[in-house]
Amino acid sequence: MWASGATVGPVTFEAPLREMTAQELLLYRNEPYRQELIDGRLHEMEPTGAEHGVVSKRICVLLDGHVQAHGLGETFVGDVGFHIASGPDTVRAPDVAFVSRERMEAIGLPTGFWPGPPDLAIEVVSPSDRHSEVVAKALQWLDAGALVVVIVEPRRRIVTVYRSRTDIRVLDTGDTLDLDDVVRGFAPHVAKLFA
């Protein structure tokens with residue numbers, strides 16, 4: 001289990017397919033793979049499994065229902081890219097994300113990638129995901145300016161909440177996922193996230 005207060009160093013990712021910019025990525029399609037750009041290098045991931053899809057949907061429904069009922073901003077799901085670094089470009093896509101109403105009003109709804117990180121990034125772990133890469137992605141979201149990153153592990157039925165590189169909490173199904181500081185009033189029981 002990931003320890004509270006732990007810090008994590010750099011990790012390496014799989015070999016990239018090719019180098020490109022965020023603009024090239026926006027036009028690039030190689031179905032059925034999901035693409036992300038990490039330091040200007042294209043990375044493709046296999047399609048997710050059914051469990052991953054159901055858990056991601058459940059989280060999105062819970063979060064979006066709350067966000068829309070209270071006019072808090074927008075919820076994004078799936079393959080929405082967030083352009084979080086330039087020169088070289090990095091575009092990552094969380095499984096579920098939230099952007100506050102204030103940021104939505106300031107930027108509008110772009111037709112391309114969102115410029116910057118979401119306020120909240122939620123990643124659902126698949127059986128094929130490497131622990132080191134999941135942690136690295138969480139830290140990359142934080143370094144880019146995300147306020148909170150939540151890693152959801154369906155197999156272990158736990159969530160890990162990153163508020164900084166040293167403020168890391170592991171929660172299980174008996175706990176509450178309190179995200180009130182980022183999504184006002186949103187604090188579901190962890191058990192509700194799982195299928």
Side-chain angles (χ1 to χ4, degrees), residues 1-9 11 45 48-80 82 84 92-104 114 116-195:
M1 190 171 284
W2 304 340
S4 178
T7 58
V8 181
V11 298
M45 290 80 68
T48 62
E51 179 182 57
H52 183 282
V54 168
V55 171
S56 295
K57 177 201 61 141
R58 185 170 296 219
I59 293 166
C60 187
V61 167
L62 283 170
L63 178 60
D64 192 55
H66 181 83
V67 166
Q68 296 308 314
H70 300 284
L72 301 177
E74 282 298 333
T75 305
F76 297 89
V77 66
D79 296 327
V80 176
F82 289 80
I84 60 173
R92 304 296 311 245
D95 293 306
V96 181
F98 164 76
V99 175
S100 70
R101 181 182 68 232
E102 294 77 19
R103 290 181 68 209
M104 290 297 303
W114 181 266
D119 296 283
L120 168 65
I122 301 174
E123 300 284 356
V124 178
V125 177
S126 293
S128 62
D129 288 338
R130 289 190 212 149
H131 175 74
S132 61
E133 290 181 359
V134 172
V135 171
K137 191 171 183 182
L139 297 178
Q140 190 172 43
W141 283 122
L142 289 175
D143 291 347
L147 302 174
V148 176
V149 180
V150 176
I151 305 297
V152 180
E153 294 187 64
R155 294 281 171 191
R156 297 174 63 197
R157 298 180 66 80
I158 62 170
V159 300
T160 304
V161 181
Y162 289 79
R163 293 183 185 281
S164 73
R165 286 180 168 264
T166 57
D167 184 358
I168 303 167
R169 292 194 55 218
V170 178
L171 308 173
D172 64 26
T173 55
D175 294 319
T176 298
L177 176 59
D178 187 352
L179 299 174
D180 178 67
D181 56 326
V182 178
V183 184
R184 190 178 67 246
F186 188 66
H189 291 293
V190 170
K192 288 187 174 182
L193 307 182
F194 300 108

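Bear in mind the structure is a predicted one, so any value in this text is a computation, not a measurement.
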Notebook entry, point to check: Given the rule in the side-chain contact (heavy atoms from CB on, under 4.5 Å) test, do D143 and R165 qualify, once you have shown the distances and angles that lead to the verdict?
Noted result: CA-CA 9 Å; D143 291 347; R165 286 180 168 264; 2.7 Å; yes

Notebook entry, point to check: In terms of heavy-atom contacts, does CZ of R184 have more than 12 from other residues, nucleotides or ligands at under 6.0 Å?
Noted result: no

Check: Are any side-chain N or O atoms of R157 and backbone N or O atoms of T173, one a donor and one an acceptor, separated by less than 3.5 Å?
Finding: no

Item checked: Point-to-point distance, once rounded to the nearest 0.5 Å, from CG of L193 to CD1 of I158 -> 12.0 Å

Check: Can you list the residues that meet the ring-ring contact (aromatic ring centres under 6.0 Å, His included) rule with H189, with sequence neighbours excluded?
Finding: none

Next item on the list: Looking only at non-hydrogen atoms, find the nearest pair between I168 and S164 and report the distance.
Entry: CG1-O, 3.7 Å

Next item on the list: Using the side-chain contact (heavy atoms from CB on, under 4.5 Å) rule, take V150 and L179 through it: C-alpha gap first, then chi angles, then the decisive distance, then the call.
Entry: CA-CA 10 Å; V150 176; L179 299 174; 4.2 Å; yes

Check: Rounded to the nearest 0.5 Å, how far apart are NZ of K192 and CG of L62?
Finding: 7.0 Å

Checklist line | Charged N-O contact under 4.0 Å between R169 and D175 | finding: no

Checklist line | Where R101 and H70 come nearest, the two heavy atoms and their spacing | finding: NH1-O, 4.5 Å

Check: Roughly how far apart are S56 OG and E123 CD, rounded to 0.5 Å?
Finding: 9.0 Å

Checklist line | Residues in side chain to side chain donor-acceptor pair (under 3.5 Å) contact with R103, at least two apart in sequence or another chain | finding: D119

Item checked: Closest approach of A121 to P94 (non-hydrogen atoms, all atoms of both residues) -> CB-CB, 4.2 Å

Check: Once you round to the nearest 0.5 Å, how far does CD1 of I122 lie from CD1 of I151?
Finding: 9.5 Å

Note to self: Could you report the tightest heavy-atom contact between I84 and A144, atom names first, then the distance?
What the structure shows: CB-CB, 3.6 Å

Check: Is any side-chain heavy atom of R163 closer than 4.5 Å to a side-chain heavy atom of D181?
Finding: yes

Check: Can we say D172 and R156 salt-bridge, meaning some charged N sits less than 4.0 Å from an Asp/Glu carboxylate O?
Finding: no

Item checked: Atom pair CD (E153) and CZ (F194), whose distance is rounded to the nearest 0.5 Å -> 8.5 Å

Notebook entry, point to check: Is D180 reaching over with its side chain to a backbone N or O of F186, donor-acceptor style, under 3.5 angstrom?
Noted result: no

Check: Looking only at heavy atoms, what is the nearest atom pair of D95 and V124, with distance?
Finding: OD2-N, 2.7 Å

Check: Is the distance between the ring centroids of F76 and F82 under 6.0 Å?
Finding: yes

Notebook entry, point to check: Below 4.5 Å, heavy atoms only, C-beta onward: do L63 and L120 meet side chain to side chain?
Noted result: yes

Checklist line | Beyond-backbone contact of Q68 with E74, side-chain heavy atoms, under 4.5 angstrom | finding: yes

